[in-house]
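Taking it in order: structure first as structure tokens, then the write-up.
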Amino acid sequence: MRVGVPREIKNNENRVAMTPAGVHHLVEAGHEVLIETNAGLGSSFTDKQYQSAGAKIVSSAKEAWSAEMVMKVKEPLPEEYQFFHEGLILFTYLHLAPEPELTKALIDNKVIGIAYETVQLPNRSLPLLTPMSEVAGRMAAQIGGQFLEKINGGKGILLGGIPGVKRAKVTVVGGGIVGTNAAKIAVGLGADVTILDLNPERLRQLDDIFGTSINTLMSNPFNIAQEVKDSDLVIGAVLIPGAKAPRLVTEDMIKSMREGSVIVDVAIDQGGIFETTDRITTHDDPTYVKHGVVHYAVANMPGAVPRTSTIGLTNVTVPYAVNIANKGYIKACLEDPALLKGVNTLDGFVTFKAVAEAHGAEYRDAETLLKQLA
Ligand SMILES: NC(=O)C1=CN([C@@H]2O[C@H](COP(=O)(O)OP(=O)(O)OC[C@H]3O[C@@H](n4cnc5c(N)ncnc54)[C@H](O)[C@@H]3O)[C@@H](O)[C@H]2O)C=CC1
Ligand SMILES: CC(=O)C(=O)O
């Protein structure tokens with residue numbers, strides 16, 4: 001199979017979907033890899049390194065997109081929709097629930113859209129989302145601390161306080177991978193951390209991991225309102241796989257916060273959990289202030305630490321890509337229930353229920369459709 005890797009074009013997105021090691025893996029398995037020139041530079045991988053691993057360097061995005069399977073990091077932007085064509089396998093983060101136009105473009109062009117973020121193992125974990133959630137979670141605490149600084153618009157407090165001065169209060173809504181990693185760093189920096197989750201079993205696991213260094217709380221509107229009101233930093237880390245994020249923190253809750261407090265809405269890639277994060281921000285211009293509260297809503301946070309993120313991401317995506325290339329997408333998806341869950345669009349239909357519901361689109365079962373196409 002020919003596999004294409006275009007250069008990422010989102011604001012400050014310096015990750016790339018393939019490392020030279022990934023190229024080597026695919027080429028050894030008998031496949032051809034087309035890398036758009038300079039696609040890896042942001043992650044410190046040169047064209048020469050890709051060539052040495054067996055890739056062909058192509059000079060334009062169009063050539064990279066001409067392959068049978070295209071691997072990317074972020075969801076395609078409107079200027080990339082022109083490259084969609086019937087039968088193209090697109091393997092990338094898609095985040096379709098908050099993206100009606102992208103969903104329509106994939107359906108209209110009968111693209112096989114396999115989303116990293118909904119590939120799900122039987123234990124319900126999301127193996128192709130986990131490493132980037134680890135990165136974004138760890139960054140969320142760092143970034144929160146940075147924007148609490150007066151020079152960055154915050155109230156001017158240090159996460160860990162000092163002897164004789166209170167520590168900052170950090171609330172993390174959602175105790176999965178992002179939430180746990182955010183808490184690790186926030187606790188490490190000395191903050192007073194509370195994590196809310198809906199799942200009692202998860203709260204027990206968090207209690208086992210952190211012991212008395214954090215507080216755990218059941219997530220409900222009453223508890224969220226109480227915690228948010230007194231928090232210096234609130235981190236949004238909730239996910240319902242594939243679905244639009246629930247708006248758990250209302251505008252009134254934000255109004256109750258003290259001026260110069262900070263929110264980091266990591267879940268913005270699925271639409272965000274704060275009623276007041278009404279727009280996605282970029283690494284170039286990452287915050288805005290609403291009701292006196294600094295809002296950070298960057299949807300590609302790991303793009304800021306591309307070397308770590310590219311290697312972490314491709315460690316997990318490349319084995320799936322090799323499987324798709326070896327077997328073809330139909331056999332690969334039918335034989336692997338985890339990969340099957342990644343199929344969001346197929347043959348002109350939405351094949352992921354939460355995405356169909358978000359857009360009022362017709363839903364078709366991926367497995368049934370794949371068997372018909374086999
Ligand atoms: N902005 C960015 O650059 C990045 C964003 N993300 C996003 O961060 C979000 C979180 O991802 P993960 O931590 O990997 O997901 P996860 O599935 O590991 O954790 C989500 C947690 O939310 C909890 N939850 C569900 N409903 C809840 C509610 N009503 N109240 C409180 N908790 C609730 C679940 O029980 C689960 O523990 C996702 O939207 C993901 O795509 C991930 C990486 C980068
Ligand atoms: C998961 C995601 O949105 C990212 O890594 O950018």
Exercise. Can you find a pair of side-chain heavy atoms, one from N109 and one from Y81, that are under 4.5 Å apart?
Worked result: no
Exercise. With a 4.5 Å limit on heavy-atom distance, are the side chains of E251 and H291 in contact?
Worked result: yes
Problem set entry | W65 vs Q82, side chain to side chain contact (heavy atoms under 4.5 Å, CB included): CA-CA, chis, key distance, verdict | CA-CA 10 Å; W65 277 93; Q82 60 178 307; over 6 Å; no
Exercise. Would E357 and K244 pass as an ion pair if we require N to O under 4.0 Å?
Worked result: no
For this session: Rounded to the nearest 0.5 Å, what's the gap from CG on L88 to OH on Y329? Could you check?
Result: 11.0 Å
Problem set entry | Transitive ILVMFWY side-chain link V170 to L248, under 4.5 Å | no
Problem set entry | Cluster overlap V173 with L206, hydrophobic side-chain contacts below 4.5 Å | no
Exercise. Could you go step by step and tell me if M218 and L196 meet the side chain to side chain contact (heavy atoms under 4.5 Å, CB included) rule?
Worked result: CA-CA 5 Å; M218 178 53 69; L196 296 103; over 6 Å; no
Problem set entry | Heavy-atom side-chain contact between V119 and K341 under 4.5 Å | no
Exercise. Would you say H31's side chain and M1's backbone share a donor-acceptor pair under 3.5 angstrom?
Worked result: yes
Exercise. If you take all heavy atoms of L217 and L203, which pair is closest and at what distance?
Worked result: O-CD2, 3.6 Å
Problem set entry | Considering all heavy atoms, the nearest L340-A366 contact | CD1-CB, 4.1 Å
Exercise. If you look at every heavy atom in A67 and R2, which pair is closest and at what distance?
Worked result: CB-O, 3.3 Å
Exercise. Mind checking whether I254 and I143 sit in one hydrophobic cluster, side chains of I, L, V, M, F, W, Y counted as touching below 4.5 Å?
Worked result: no
Exercise. Between H295 and T276, do the side chains contain an N or O donor and an N or O acceptor separated by less than 3.5 Å?
Worked result: yes
For this session: Using only heavy-atom distances, determine whether the side chains of S219 and D197 contain a donor-acceptor pair under 3.5 Å.
Result: no
Exercise. Would T103 and H359 count as having a side-chain donor-acceptor pair, cut-off 3.5 Å?
Worked result: yes
Exercise. Is the shortest side-chain N to carboxylate O distance from E8 to R15 below 4.0 Å?
Worked result: no
For this session: Name the orientation class of the two ring planes belonging to F147 and Y296 (parallel below 30°, tilted from 30 to 60°, perpendicular beyond 60°).
Result: tilted
Problem set entry | Criterion side chain to side chain contact (heavy atoms under 4.5 Å, CB included) on V262 and T287, from CA distance to verdict | CA-CA 10 Å; V262 176; T287 60; over 6 Å; no
Problem set entry | Aromatic ring pairing Y93/Y116, orientation class (parallel under 30°, perpendicular over 60°, tilted between) | perpendicular
Exercise. Any chance NZ of K104 has more than 12 other-residue heavy atoms, nucleotides or ligands included, within less than 6.0 Å?
Worked result: no
Exercise. Can you tell me how far CG of L102 sits from CD of E80, rounded to the nearest 0.5 angstrom?
Worked result: 10.0 Å
Exercise. Do you know the tightest heavy-atom contact between D232 and A168?
Worked result: OD2-CA, 3.3 Å
Exercise. Do side-chain atoms of S231 reach the backbone of V234 as a donor and acceptor pair under 3.5 angstrom?
Worked result: no
Exercise. Within a reach of under 6.0 Å around CD of Q51, are more than 12 heavy atoms found that belong to other residues, nucleotides or ligands?
Worked result: yes
Problem set entry | Under 3.5 Å side-chain donor-acceptor pair for N152 and Q146 | no
Problem set entry | Qualifying residue, where the test is side-chain contact (heavy atoms from CB on, under 4.5 Å) with Y50 and the options are V5, L34, T37, I35 | I35
Exercise. Closest heavy-atom contact between L121 and A338?
Worked result: CD2-CB, 3.9 Å
Exercise. With a 4.5 Å heavy-atom cut-off, do D192 and K166 have their side chains touching?
Worked result: no
Problem set entry | Under 3.5 Å: donor-acceptor pair, side chain of R167, backbone of G190 | yes
Exercise. Taking everything shown except E201 itself, do over 12 heavy atoms lie less than 6.0 Å from its CD?
Worked result: yes
Seminar exercise, completed: In terms of heavy-atom contacts, G42 and P306 come closest through O-CG, 3.3 Å
Exercise. Stepwise, does the salt bridge (Lys or Arg N to Asp or Glu O under 4.0 Å) test hold for D278 with K290?
Worked result: CA-CA 10 Å; D278 46 21; K290 203 161 182 180; 2.6 Å; yes
Problem set entry | Greater than 12 external heavy atoms within 6.0 Å of K74's NZ | yes
For this session: Check whether any side-chain heavy atom of T345 lies under 4.5 Å from a side-chain heavy atom of L96, and answer yes or no.
Result: yes
Problem set entry | Neighbour count >12 (heavy atoms, 6.0 Å) for atom NZ, K229 | no
Exercise. Is any side-chain heavy atom of I89 closer than 4.5 Å to a side-chain heavy atom of I114?
Worked result: yes
Exercise. When you measure from the side chain of T281 to the backbone N and O of P286, does any donor-acceptor pair fall under 3.5 Å?
Worked result: yes
Exercise. Is it true that atom NE2 of H283 has more than 12 heavy atoms of other residues, nucleotides or ligands lying nearer than 6.0 Å?
Worked result: yes
Exercise. Taking side chain as C-beta onward, heavy atoms only, is H85 less than 4.5 Å from K110?
Worked result: no
Problem set entry | Distance (rounded to the nearest 0.5 Å) between C333 SG and L370 CG | 5.5 Å
Exercise. For residues T282 and N12, is any side-chain donor paired with an opposing acceptor at under 3.5 Å?
Worked result: no
Which side-chain N or O atoms in residues 124-137 pair as donor and acceptor under 3.5 Å with protein atoms at least two apart or in another chain?
residue: S125; atom: OG; partner: N123; partner atom: OD1; Å: 2.7
residue: T130; atom: OG1; partner: L126; partner atom: O; Å: 2.9
residue: S133; atom: OG; partner: L129; partner atom: O; Å: 3.4

Exercise. Is it true that the side chains of S261 and K155 contain a donor and an acceptor less than 3.5 Å apart?
Worked result: yes
Exercise. So, is the end of the R247 side chain (NZ or CZ) under 6.0 Å from the ring centre of F274 and within 45° of the ring's axis?
Worked result: no
Problem set entry | T171 side chain vs T194 backbone, donor-acceptor pair below 3.5 Å | no
Under 3.5 Å, sequence neighbours excluded: what are the donor-acceptor pairs made by side chains of residues 53-61?
residue: S59; atom: OG; partner: E63; partner atom: OE1; Å: 3.1
residue: S60; atom: OG; partner: E63; partner atom: N; Å: 3.2
residue: S60; atom: OG; partner: E63; partner atom: OE1; Å: 2.9

For this session: Given side chain to side chain contact (heavy atoms under 4.5 Å, CB included), test T277 with I263 step by step and report yes or no.
Result: CA-CA 9 Å; T277 45; I263 62 165; 4.0 Å; yes
Problem set entry | Heavy atoms from other residues, nucleotides or ligands near NZ of K353 exceed 12 (cutoff 6.0 Å) | no
Exercise. Linking I/L/V/M/F/W/Y whenever their side-chain heavy atoms sit closer than 4.5 Å, directly or via other members, would M301 and V73 fall into one cluster?
Worked result: yes
